[in-house]
Amino acid sequence: MIETTSLITTDILKSFSETAKKQGLIKSKLYAQINTITTLIKDADSDFVEVPKNDLHNYKSEDVMCNEDIEFKQEYHIDIKPKDQNYHFHQIFTTIVFNDDKTSVSLLIKKGSRLKYHPGLFNDFLNYIREQMIKSKIMVYLFDTDYKEGIKELVNVIEKIKILTFKEDKKILLSQGFEAIKSVQASTVMHIQEKNDVDLDSNEQINYADRGFLLNCIEGEELFEFLKPQQGKNGRSCTGKIIEEEIINLDAKPTFTVDDNIEIQDSYENIKYLATKSGYLVKNGNQYEVSNSINIGEISFKTTGTIDSDLDTEISINVVKEDPLEDAIEKGMNVKVQNLSITGSIGPSTTVEARTISVTGQTHQESLIKCVNANIKIHKGKITGREVIVDILDGGDIIADTAIIKNAMSGKIRAKTIDIEILGSHVIMEASEYIEIQTIKGEENKFIFESSVGSAFNTNKKDNTKYIKKLRAELNDLIRIFNESTLKLKKNLEPCAKITAYIIKKQKEGVKIPPDVVKKFKLCKVMKVNYQKIKEELAYKKKQYNEEQKNTSLNTKNIQDAQIVLGQVLRGYNYIQYKLDKPNIEIELRTNSDMKGKTFQLKEDDEGILRIVNINF
């Protein structure tokens, strides 16, 4: 016969092992009936002393529990018994679940577990739970949650249905300790750098072409913050162990300074640094500054990577390349900045976007520039701008409002007005207002006038017929929809007015309005809103259509006024063309050495036919 073993222990698992060994059993065949639990406490000035159960609440405060000089332990008076036929928990399968720091403990009842009702189930179940807690070295009472109420409700259910089979896992929170509060070390968080984080390629390597060389900022933007050191607090796990938090230096201060363009906002937890103007953040020695101008030796993969700043942010970059054999902006680079000054040349496969740009060297034939104003020494690539000034056009393309070229050796120019000091050969010029040339040294040039040559940033197509037709179709659809909406609104004006009056009356009487009436009222409102929306869309579409018609209605009179004005007589053979839309004709002229006039323009002859004439004023 297996005997019951009564003992007092602080290590229930060790006691189970010793009892099982004495009785020739395995531990899993035994369970503990818990008689009493004694809690003992020790501080720095005393040994362990017993704390009566009724006084335990005095030790549950955070200040006591998180005091590293206080220790807890428990002694258990138990009876170790065999799990015979009278044991009620043969078919329940549980495990104790901890969080990482053991400050939260739960009992997990696994799916498929079964509990059968018997008188005394509530107390037996509590004993079962406490046994599992003690086996897991969890201190009872000190950290207990109010799980007893949940157990009581569960037992009440089992009493009614006699046997409960758990259809899914059930988790019961048993103990809640005190989590340690982490210390905050002094540190600087660069928010602006997070905004400009670099990308990684497929091999998790830095993409140096897009590394964010300029840390752009706008007025009022938080650049970085200094996190002040904050001392954390100790915690205590549900096993009674103290969770110590490191002691840190609370006197740590920022090791940098800032200029007058950075505002400092000091608070208890941190110091925030905000830009007081737009620009970019730089660090000179130990000082952070917000600046609008930077001097660099080159823009390349190895130095800056891509530069992508807001064109509305006042930033100027001065690139000075001392070596004339190397490009100031190297192959494949993309640059976007408000003002760009380049002492040197622009390499192949480069893209530059700026408001103002100056280049003392040359642009590569595979380079692309988009700007407002440009001043370039030698242009071989492509450029789009408002006013483009070029010293030497050497095969490049220019699209501008105004193009001013000192020496056009070769290339293509498309602008409203074109001014050339010296014209070479094989230059194509497209304009809508005038072309003026002072000195002519070449021939086989093309002079083309057409009204579609407009602003460099408003690239109207030569033929907007399809777009006009699309707008007209959209306008017709809106007119039809608006007419239908107008009829529907007129038809429902009286019913909607009655519904509104009825609702106002019932609201004054304090009577609840029927849902169907509310629904009808909402439909009336939606109908009015839709009508107004369609009306506004129709007005906008009419305006859009009329403006497009006006913009694309080419003015023959203006083209007739367009002139080629020369400082000297044209040399050799050249080609002049006027492209008219009303009437839709192209008028051409091949020049020769017999033409001595310094002006070419359209003129209507006696028969009413437009011709290109060569005259002197």
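Heads up: numbering here begins at 1 and tracks the sequence. Just so you know, these numbers use all the heavy atoms, side chains as well, and skip hydrogens, waters and symmetry mates.
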Enquirer: How far apart are the C-alpha atoms of Phe89 and Tyr87, what are their side-chain angles, what is the distance that settles it, and do they pass the side chain to side chain contact (heavy atoms under 4.5 Å, CB included) test?
Expert: CA-CA 6 Å; Phe89 300 97; Tyr87 184 70; 3.7 Å; yes

Enquirer: What pairs of residues pass the side-chain hydrogen bond (donor to acceptor under 3.5 Å, both in side chains) test when at least one of them lies in residues 507-521, not counting sequence neighbours?
Expert: none

Enquirer: Within the supplied structure, the quantity of interest is the number of heavy atoms (other residues, nucleotides, ligands) at a distance under 6.0 Å from Lys506 NZ; does it exceed 12?
Expert: yes

Enquirer: Quick check against the 3.5 Å criterion: does Arg236 have a side-chain atom that pairs as donor or acceptor with the backbone of Gly177?
Expert: no

Enquirer: Taking the six-membered ring where the residue is Trp, are the ring centres of Tyr273 and Tyr288 under 6.0 Å apart?
Expert: no

Enquirer: Charged N to carboxylate O below 4.0 Å: is that the case for Lys135 and Glu131?
Expert: yes

Enquirer: Could you go through Asn86 and Lys81, starting from their C-alpha distance and side-chain angles, then the distance that decides it, and tell me whether this counts as side-chain hydrogen bond (donor to acceptor under 3.5 Å, both in side chains)?
Expert: CA-CA 11 Å; Asn86 295 319; Lys81 299 180 179 183; over 6 Å; no

Enquirer: Let me see the working for Val319 and Ile296 under side chain to side chain contact (heavy atoms under 4.5 Å, CB included), right down to the final yes or no.
Expert: CA-CA 5 Å; Val319 187; Ile296 54 178; 4.0 Å; yes

Enquirer: Please check if atom CG in Asp260 has more than 12 non-hydrogen atoms from other residues, nucleotides or ligands closer than 6.0 Å.
Expert: no

Enquirer: Within a reach of under 6.0 Å around NZ of Lys241, are more than 12 heavy atoms found that belong to other residues, nucleotides or ligands?
Expert: no

Enquirer: Main chain of Pro495, side chain of Asn492: is a donor-acceptor contact present, judged purely on distance under 3.5 Å?
Expert: no

Enquirer: Could you tell me whether a side-chain N or O of Asp79 sits under 3.5 Å from a main-chain N or O of Gln33, the two making a donor and an acceptor?
Expert: no

Enquirer: Are Glu494 and Lys498 close enough for a salt bridge, meaning some N to O gap below 4.0 Å?
Expert: yes

Enquirer: How about CD on Glu168, more than 12 heavy atoms from neighbouring residues, nucleotides or ligands closer than 6.0 Å, or not?
Expert: no

Enquirer: Can you name the nearest heavy-atom pair linking Pro254 to Ile271, along with the distance?
Expert: CG-CD1, 4.0 Å

Enquirer: Would you please name every residue forming a side-chain contact (heavy atoms from CB on, under 4.5 Å) with Thr5, sequence neighbours left out?
Expert: Leu7, Thr19, Gln23, Ile80

Enquirer: Would you check, one step at a time, whether the test side chain to side chain contact (heavy atoms under 4.5 Å, CB included) holds for Val105 with Met133?
Expert: CA-CA 9 Å; Val105 180; Met133 292 170 69; 5.8 Å; no

Enquirer: Would the number of heavy atoms belonging to other residues, nucleotides or ligands and lying under 6.0 Å from OH of Tyr540 be above 12?
Expert: no

Enquirer: Would you say that Val189 contacts Asn270 through its side chain, given a criterion of any heavy-atom pair below 4.5 Å between the two side chains?
Expert: no

Enquirer: For Lys170, look at atom NZ and say whether over 12 heavy atoms of other residues, nucleotides or ligands are found less than 6.0 Å away.
Expert: no

Enquirer: Are any non-hydrogen side-chain atoms of Lys22 and Glu3 less than 4.5 angstrom apart?
Expert: no

Enquirer: Going by side chain to side chain donor-acceptor pair (under 3.5 Å), name the residues that satisfy it together with Lys228, two or more places apart in sequence or in a different chain.
Expert: Asp266

Enquirer: Do Ile138 and Leu174 come close enough that some side-chain heavy atom pair is under 4.5 Å?
Expert: no

Enquirer: Could you walk me through whether Met65 and Leu142 satisfy the side chain to side chain contact (heavy atoms under 4.5 Å, CB included) test, starting with their C-alpha distance in whole Å, then the side-chain angles of each, then the deciding distance to 0.1 Å, before giving a yes or no?
Expert: CA-CA 9 Å; Met65 280 294 181; Leu142 280 174; 3.7 Å; yes

Enquirer: Are any of the side-chain heavy atoms of Leu227 and Glu269 separated by less than 4.5 Å?
Expert: no

Enquirer: Between Thr103 and Asp101, does any side-chain donor sit less than 3.5 Å from a side-chain acceptor?
Expert: yes

Enquirer: Do you know which two heavy atoms are closest between Val290 and Leu223, and how far apart they sit?
Expert: CG2-CD1, 3.8 Å

Enquirer: Could you check whether any side-chain N or O of Asp55 sits under 3.5 Å from a backbone N or O of Val51, counting only pairs where one atom can act as donor and the other as acceptor?
Expert: no

Enquirer: Does atom NZ of Lys525 have more than 12 heavy-atom neighbours from other groups under 6.0 Å away?
Expert: no

Enquirer: Looking at His88, is its backbone amide N or carbonyl O close enough to the side chain of Lys116 to form a donor-acceptor pair, meaning the two atoms are under 3.5 Å apart?
Expert: no

Enquirer: Could you give me the CA-CA distance, side-chain angles and deciding distance for Thr39 and Tyr59, then say whether side-chain hydrogen bond (donor to acceptor under 3.5 Å, both in side chains) is met?
Expert: CA-CA 11 Å; Thr39 302; Tyr59 298 91; over 6 Å; no

Enquirer: Would you check if the side chain of Asn156 reaches a backbone N or O of Lys152 as a donor-acceptor pair within less than 3.5 Å?
Expert: yes

Enquirer: Hey, does Ile37 have a side-chain heavy atom less than 4.5 Å from the side chain of Ile134?
Expert: yes

Enquirer: Answer with yes or no after comparing the ring centroid distance for Phe72 and Phe143 against a 6.0 Å cut-off, counting only values under it.
Expert: no

Enquirer: Answer yes or no: is there a side-chain heavy-atom contact under 4.5 Å between Phe521 and Ile513?
Expert: no

Enquirer: Looking only at side-chain N and O atoms, does Tyr76 offer a donor or acceptor that is under 3.5 Å from a partner on Ser15?
Expert: no

Enquirer: Decide whether a cation-pi geometry holds between Lys110 and Phe166; the criteria are a distance under 6.0 Å from NZ or CZ to the six-membered ring centre and an angle within 45° of the ring axis.
Expert: no

Enquirer: Do any N or O atoms from the side chain of Thr276 and from the backbone of Asn261 form a donor-acceptor pair under 3.5 angstrom?
Expert: yes

Enquirer: Could you tell me if the side chain of Asp259 sits less than 4.5 Å from the side chain of Gln287, heavy atoms only?
Expert: yes

Enquirer: Under 3.5 Å, is there a donor-acceptor pair between the side chain of Glu245 and the main chain of Ser183?
Expert: yes

Enquirer: Would you confirm whether Thr145, through its side chain, and Leu173, through its main-chain N or O, come within 3.5 Å as a donor-acceptor pair?
Expert: yes

Enquirer: side-chain hydrogen bond (donor to acceptor under 3.5 Å, both in side chains), that's the test. Do Glu289 and Ser291 meet it? Break it down for me.
Expert: CA-CA 6 Å; Glu289 302 171 358; Ser291 180; 5.7 Å; no

Enquirer: Around atom CG of Asp100, are there more than 12 heavy atoms from other residues, nucleotides or ligands closer than 6.0 Å?
Expert: no

Enquirer: Decide yes or no for Leu107 and Tyr147: does some side-chain heavy atom of the first lie under 4.5 Å from some side-chain heavy atom of the second?
Expert: no

Enquirer: Short question: side chain of Glu75, backbone of Thr9 - any donor-acceptor pair under 3.5 Å?
Expert: no

